[in-house]
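Both ligands and their constituent atoms are indexed starting at 1 by order of listing.
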Amino acid sequence: MANVVVVGSQWGDEGKGKIVDWLSERADVVVRFQGGHNAGHTLVVDGVSYKLSLLPSGVVRQGKLSVIGNGVVFDPHAFVAEKVRLEGQGVSISPQTLRIADNTALILSLHRELDAIRESAAAGTKIGTTRRGIGPAYEDKVGRRAIRAMDLAEPDTLRERVERLLAHHNPLRRGLGEPEIAVETILDELVSVADEITPYLDRVWRLLDERRRAGDRILFEGAQGTLLDIDHGTYPFVTSSNTVAGQAAAGSGLGPSAAGFVLGITKAYTTRVGEGPFPSEQDNEIGQFLGEKGHEFGTVTGRKRRCGWFDAVLVRQAVAINGIHGLALTKLDVLDGLDELCIAVAYELDGERIDYFPASPAAQKRIKPIYEKLEGWKDTTAGARRWSELPAQAVKYVRHIEELVGAPVTLLSTSPERDDTILVRDPFED
Ligand code: IMP
């Protein structure tokens with residue numbers, strides 16, 4: 001399996017940055033296949049910290065090709081801002097190191113505005129989005145009226161595309177009591193940035209096929225997590241893309257047989273940002289302990305994350321849906337010092353024990369986690385690089401998780417430092 005697909009197996013923020021950084025060093029090509037600049041992670045390379053939202057992790061490493069696939073929604077202005085910021089840190093980004101799929105749908109200012117208007121409006125319907133315009137941009141893509149990156153290179157047809165888009169948005173804006181937008185306004189917004197984008201455009205499906213045939217190692221970098229998937233997540237409190245491993249193929253144009261090893265990044269406890277169900281949430285001193293010790297604040301929005309116990313039901317479901325071959329278990333050290341740990345192993349629904357997370361929001365409200373209790377450990381796991389350096393109870397906790405979710409730990413991360421990792425198998429060598 002020469003290629004690796006990395007996905008989050010919970011609600012995002014599982015600590016993908018460090019793992020993706022480690023894997024991107026071994027990869028030749030790094031591909032984003034869904035989401036947009038709602039993602040956020042910090043990479044630390046040679047002691048320098050880089051914050052990435054839209055760009056694939058490969059951009060901060062010399063000699064890698066980074067690819068933004070068609071499954072991404074691409075904000076051209078956010079791209080330019082991120083590029084300028086990284087260039088200020090000495091990172092060189094050019095069409096030699098980055099390619100953008102010509103069929104990628106764009107995020108425009110009207111999408112950002114609409115996202116914010118909806119989020120600020122009716123109480124009770126709030127999703128808690130990142131307000132980056134992600135949802136409205138995907139809506140236009142599915143509605144077959146999106147402006148796509150290739151349209152920037154075709155000024156003659158761009159006007160037609162914008163007219164078509166505004167024929168949908170202006171009535172919607174009128175209904176929301178917002179001023180209408182003139183065609184020229186959107187054209188100016190796009191034309192002002194077109195020259196900065198068009199040199200990067202490519203037939204990514206062909207490029208990836210060539211790279212695959214040449215034997216290059218391809219890393220597919222998923223954003224968000226399985227429970228934020230538009231189909232498989234806690235709908236409607238989800239993001240607007242498919243975040244699961246299957247999307248690596250559709251969102252890049254490389255067929256699914258090339259996907260390779262699916263690595264599920266999994267936090268040793270659970271967090272989520274934004275609204276929505278969270279069965280094992282601990283809105284108490286345990287949650288506070290996890291949040292403080294784990295520095296659980298969003299990279300993109302700075303919001304405090306909700307925290308709770310590890311939920312084996314959800315991760316078991318994610319293992320099945322993604323076809324996860326192995327887990328990268330992160331932040332085990334955050335649990336150091338707790339007397340007792342709980343793991344949700346099933347739920348009770350209307351007096352019955354169930355071993356899955358129900359799709360119905362009404363049922364989701366009624367479920368109660370059934371916990372198994374495990375003894376905690378006093379010694380630290382932070383910085384461990386061998387199983388023998390871990391307290392016996394910590395090893396027991398990890399082994400129990402493997403058993404409950406039905407996937408082995410491929411990699412165990414014991415601190416934000418790169419080398420503080422116990423590697424069981426190299427996913428690229430599997
Ligand atoms: P959107 O993706 O901005 O539409 O937000 C939809 C939901 O996904 C909200 O609950 C966000 O908090 C969540 N979300 C989006 N991106 C991320 C991420 O990278 N990490 C964690 N949660 C995210």
Side-chain angles (χ1 to χ4, degrees), residues 6-20 32-43 51-57 71-75 78 82 105 107-121 124-142 220-244 247 251 264-267 269-278 281 291 294-308 314 318 330-331 361 364:
V6 166
V7 290
S9 62
Q10 292 148 319
W11 275 288
D13 308 315
E14 295 92 351
K16 285 188 226 66
K18 170 178 158 175
I19 313 289
V20 164
R32 282 281 310 265
F33 56 88
Q34 47 73 229
H37 64 308
N38 51 348
H41 54 241
T42 305
L43 297 184
K51 285 196 184 310
L52 299 178
S53 281
L54 174 60
L55 291 170
S57 297
V72 168
V73 277
F74 181 84
D75 182 327
E82 190 165 323
I107 301 181
L108 309 180
S109 56
L110 56 79
H111 296 126
R112 264 195 314 278
E113 267 181 52
L114 187 57
D115 199 351
I117 292 165
R118 286 177 180 161
E119 283 292 294
S120 312
T125 59
K126 198 171 149 174
I127 305 288
T129 74
T130 59
R131 301 185 177 218
R132 298 290 190 272
I134 305 291
Y138 276 117
E139 285 170 37
D140 281 345
K141 173 179 173 171
V142 177
F220 294 92
E221 182 181 356
Q224 292 88 46
T226 303
L227 294 159
L228 290 170
D229 182 278
I230 186 75
D231 289 296
H232 300 288
T234 45
Y235 191 91
F237 301 100
V238 290
T239 193
S240 296
S241 63
N242 283 114
T243 59
V244 294
Q247 176 65 11
I265 318 287
T266 308
K267 200 166 353 195
Y269 50 100
T270 315
T271 62
R272 91 169 286 178
V273 266
E275 312 296 314
F278 180 172
E281 181 170 17
H295 309 290
E296 297 295 354
F297 294 91
T299 342
V300 174
T301 58
R303 286 179 294 173
K304 202 168 169 216
R305 297 177 186 142
R306 299 155 61 193
C307 299
L314 296 178
T330 63
K331 296 187 120 174
Q364 287 171 5

>> What I want to check is whether the side chains of Thr130 and Arg303 have a donor and an acceptor closer together than 3.5 Å.
In response: no
>> I'd like to check the ring-ring contact (aromatic ring centres under 6.0 Å, His included) partners of Phe237; sequence neighbours left out, ordered by chain and number.
In response: none
> Quick one: does Ser240 get within less than 4.0 Å of ligand 1, heavy atoms only?
Replying inline: no
> Got a second to check how far His111's NE2 is from Asp140's CG, nearest 0.5 Å?
Replying inline: 3.5 Å
> How far is atom 18 (C) of ligand 1 from its nearest protein heavy atom, and which residue and atom is that?
Replying inline: Gln224 CG, 3.8 Å
> Looking at residues at least two apart in the chain, or sitting in another chain, which of them share a ring-ring contact (aromatic ring centres under 6.0 Å, His included) with His37?
Replying inline: none
>> Does only the side chain of Leu228 get under 4.0 Å from ligand 1, or the backbone, or both, or neither? Count heavy atoms.
In response: side chain
> Hey, are Gln34 and Tyr138 close enough side-chain-wise for a donor-acceptor pair under 3.5 Å?
Replying inline: no
>> Can you tell me which portion of Trp11 lies within the under-4.0 Å heavy-atom range of ligand 1? Options are side chain, backbone, both, or neither.
In response: backbone
>> Side chain or backbone, does Arg132 bring an N or O within less than 3.5 Å of an N or O on ligand 1?
In response: no
>> Can a side-chain donor-acceptor contact be found between Thr129 and Asp115 if the only test is distance below 3.5 angstrom?
In response: yes
> Of all the atoms in ligand 1, which lie at a distance below 4.0 Å from a heavy atom belonging to Val273?
Replying inline: 10 (O), 12 (O), 21 (C), 22 (N)
> What do you reckon, does Asp115 have a nitrogen or oxygen under 3.5 Å from a nitrogen or oxygen of ligand 1?
Replying inline: no
> What atoms of ligand 1 come within less than 4.0 Å of a heavy atom belonging to Ala39?
Replying inline: 19 (O)
> Do ligand 1 and Asn38 have nitrogen or oxygen atoms that lie under 3.5 Å from each other?
Replying inline: yes
>> Can you confirm whether the side chains of Ser9 and Thr266 place a donor and an acceptor under 3.5 Å from each other?
In response: yes
> What atoms of ligand 1 come within less than 4.0 Å of a heavy atom belonging to Val238?
Replying inline: 6 (C), 7 (C)
> Do Gln224 and Thr239 have a side chain donor and acceptor closer than 3.5 Å?
Replying inline: no
>> So for ligand 1, is Thr129 a polar contact partner (N or O within less than 3.5 Å, distance only)?
In response: no
> atom 3 (O) of ligand 1: which protein heavy atom is closest, and how many Å away?
Replying inline: Thr130 OG1, 2.5 Å
> Does Gly128 have a heavy atom less than 4.0 Å from any atom of ligand 1?
Replying inline: yes
> Going by the order shown, which atoms of ligand 1 are within less than 4.0 Å of some heavy atom of Arg303?
Replying inline: 11 (C), 12 (O)
>> Test your reading of the structure: does Glu275 have an N or O sitting under 3.5 Å from an N or O of ligand 1?
In response: no
> To the nearest 0.1 Å, how far is atom 2 (O) of ligand 1 from its closest protein heavy atom, and which atom is that?
Replying inline: Thr239 OG1, 2.5 Å
>> Using a plain distance cutoff, I'd like to know if Asp13 has any nitrogen or oxygen under 3.5 Å from a nitrogen or oxygen of ligand 1.
In response: yes
> Going by atom types only, do Arg306 and Thr270 share a side-chain donor-acceptor pair under 3.5 Å?
Replying inline: no
>> Distance check, rounded to the nearest 0.5 Å: Asn38 atom CG versus Ile134 atom CD1?
In response: 3.5 Å
